[in-house]
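Everything on this sheet refers to the single structure shown next.
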There are 2 protein chains.
Amino acid sequence: MTMADLATLAKVSKITVSRALRDSALVRKEVRDQIHHLARSHGYRLNVAARSLRTRRAHSITAVIEMDPSEERPMSEPLALMIIGGLLQVLTMRGYSLALTTQTQALNSTLHDSDGVILLGQGENDEATGRVSRFNLPMVVWGRIQPASENVVFVGSDNFEGGRLVGEHLVALGRRRILFLGDITHSEVADRFSGLSGAISASGAITRQLACAFSREAGRAAVAAEIERGEPFDAIAACSDLVALGAMDALEAAKIIVPRQVAVAGYDDTARESRLTSVRQDWDRAGRLLADKMLSLLAGERPASEKLPVELIVRGSTQG
Amino acid sequence: MTMADLATLAKVSKITVSRALRDSALVRKEVRDQIHHLARSHGYRLNVAARSLRTRRAHSITAVIEMDPSEERPMSEPLALMIIGGLLQVLTMRGYSLALTTQTQALNSTLHDSDGVILLGQGENDEATGRVSRFNLPMVVWGRIQPASENVVFVGSDNFEGGRLVGEHLVALGRRRILFLGDITHSEVADRFSGLSGAISASGAITRQLACAFSREAGRAAVAAEIERGEPFDAIAACSDLVALGAMDALEAAKIIVPRQVAVAGYDDTARESRLTSVRQDWDRAGRLLADKMLSLLAGERPASEKLPVELIVRGSTQG
DNA sequence: GACTAGTGCGCCCTTATCGTA
DNA sequence: CTACGATAAGGGCGCACTAGT
């Protein structure tokens, strides 16, 4: 069942069918309706390959996810899936399909065929952006906002503000010696740290940064070592909820009471079941925004990069 | 840069280029090598749409994920992402791309164009399988093994065995009154319950099943209510780690000691950071197997459905 | 002549089929 | 039989054009 068949049935030419199905004003409304009806009743399905061949558009977007199996970031993965939910809402509605790939696979394959790439996560030192940009496709990057170039737009949450909110909160609670746990070679984490230490030093309190991977065990070990060192602290701000949970493990082991002796804040609000104060962002909206920017790029516009607001969720680990 | 351009450069016909790039034996090795070299140096990329149009194959597989935002299953989502990793390994290597969609989006969209569908999760009462099978595409379903039809294959982990392992373990620890927490309208959960109660009743111990959704709060509430009722129990087997954590919350609140008074086992081993005994499966392998079955279906074979082995991970929540 | 509603033809790039040296 | 070529789809859409108001 092709357009030609439909055309015969409707006693018009193929191009009229084509236009009718695309709701072109060049076709009278009655004819359009009739053709739509015929298409539906005969189970006609557009041949996507033929359209792509002709229009040189694949009507498909590739999302590149960070998924290095060697890295232990079990709690950060759902984030990718939540963004994908938002992407799908927008893209499917606009007739695009979403292809998925990992960074390593993307570099080997031809990136199949896509009209654009949505990069979820820049990786350490932002090297992922450079690698993928070589494909020379319109690209939208989730992560830290960078100077946009013609074909590249950045969307990210306001990590600086997130850090600042945490810092302000801890200072308001009277905390004076704050530990930050996180790997600041990750640019998003670096922003959180800047925001945090800005808010804190403004009040005269002090911050120490401890390098720490994205795992619960890393958080535990870092804090255990710090307790061992004996340098006092009364609050911890972690780069993720998982790290914060690890920190609380170490505190519990050392019989340090949370939040009375040490307040603990996480990030990303993935551990909503816990009593962790954290910073939340609207992942669904992030996904929808990424998709909107991509469609805008494809339409030949030059959309601006955009920062998404964040929200501090206060729970018992800091206040109680 | 098309095949015709390459043909001119190599002073052969387009069809020879086509054959050479596919490593056909109909082209002399020297010619093949030369054409490969030319293609690489001129940055030639196959036009996927043209190939699809001609061969009537999209070289693309769609994975349908469960992602109903109303359902609160935050911990089960990473599982989908882990399976996807395995899918990508196999599919990209074999030249296929992976498209992603949700159940709701899949039903609205034309399922774009794909050679087959991989359904991740059958949903309650297996209704998802029926809905998607209407597209009449080769389909591989992750979930409970059902009678396979011509175009449909099932791959799932051995839930019965998983339940049995837990039951055997609890019985070996001397537990006699075991609570099962989970929604047995979910067919996978039902299998776990069967395996569990089989192992348990064989030893003369008894099982009680409590209906319970897939959330921590549901686990907590169910167990709190059971404590309230006063009916004694000395072990809990939950349908997921999240539910098990909720159960432990309720036990802790009632000052019941784990595992001395009540042993607790989860399922899926998503809470690896905790001290929860659980049942683990190899998600990566599951994804690779799903992809293999799909490619086999596409090759016109009739692969068999397959159960994947599971492994009991014993930790402090049952033994210690 | 300007507009509306529609047509005919060719092209997009690859590969299957058949043919030939 | 081996190695290659000419031709013809495959389905949809853009372009240039026309018949009828």
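Computed from a predicted structure; not experimentally measured.
The side chain of A:Y44 sits closest to D:dG12 out of D:dG12, C:dC13, C:dT14. Nearest nucleotide to the side chain of B:T2, out of D:dG12, C:dT14, C:dT15: C:dT14. Closest to the side chain of B:R51, out of C:dT14, D:dG5, D:dG12, is C:dT14. Minimum atom distance to the side chain of B:I15 is reached by D:dG5, of the listed D:dG10, D:dG5, C:dG10. If you check C:dT7, C:dT14, D:dG11 against the side chain of A:A50, the one that comes closest is D:dG11. Counting only heavy atoms from C-beta on, B:R54 has its side chain closest to D:dG10 among C:dC13, D:dG10, D:dG12.
The main-chain N or O of B:N47 is never found under 3.5 Å from a side-chain atom of B:R51 such that the two would form a donor-acceptor pair. Judged by distance alone, the side chain of B:R19 and the main-chain N or O of B:S24 form no donor-acceptor pair under 3.5 Å. Panel note: side chain B:N151, backbone B:S149; no donor-acceptor pair is recorded below 3.5 Å. Distance alone, capped at 3.5 Å, is enough to place a donor-acceptor pair between the B:D115 side chain and the B:H59 backbone. In terms of modelled atom types and a separation under 3.5 Å, the side chain of B:S52 and the main chain of B:R57 share a donor-acceptor contact. A donor-acceptor pair under 3.5 Å is formed between the side chain of A:D5 and the backbone N or O of A:T2. Side-chain atoms of A:D191 never come within 3.5 Å of backbone atoms of A:E188 as a donor-acceptor pair (strictly under, hydrogens ignored).
Dashed line: the shortest gap from a side-chain N or O of B:T16 to OP1 or OP2 of D:dG5 is under 4.0 Å. B:S13 has a side-chain polar atom (N or O) that falls below the 4.0 Å cut-off from OP1 or OP2 of D:dG5. Phosphate proximity of D:dG12 to A:R45: absent, as no side-chain N or O sits under 4.0 Å from OP1 or OP2. OP1 and OP2 of D:dC13 both lie 4.0 Å or more from every side-chain N or O belonging to A:T55.
Atom-to-atom, CZ of B:R56 to P of C:dT14 comes out at 18 Å; the value is rounded to the nearest Å. Following rounding to the nearest Å, A:N47 (CG) and C:dC12 (P) show an atom-to-atom distance of 18 Å. Rounded to an integer number of Å, the gap from A:H59 NE2 to D:dC13 C1' is 11 Å. Between A:D5 atom CG and D:dG12 atom C1' the separation is 13 Å, expressed in whole Å. The distance between atom CG of A:L53 and atom C1' of D:dA9, rounded to the nearest whole Å, is 12 Å. Here the P atom of nucleotide C:dA5 and the CZ atom of A:R22 are 16 Å apart, to the nearest Å. Atom-to-atom, NZ of B:K14 to P of D:dT7 comes out at 11 Å; the value is rounded to the nearest Å. In this structure, A:M1 places its CE atom 16 Å from C1' of D:dG10, rounding to the nearest Å.
Comparing B:A49 and B:V17 along DNA chain D, the residue whose closest nucleotide (by nearest heavy atom) sits nearer the 5' end is B:V17.
A salt bridge does not link B:D292 with B:R288: every distance from a Lys NZ or Arg NE/NH1/NH2 to an Asp or Glu carboxylate oxygen is 4.0 Å or more.
Within 4.0 Å (heavy atoms only), B:R19 reaches at least one base atom of the nucleic acid.
Listed by residue number, B:L26, B:V27, B:R28, B:V31 are the residues of residues 26-42 of chain B with a heavy-atom contact under 4.0 Å to DNA chain D.
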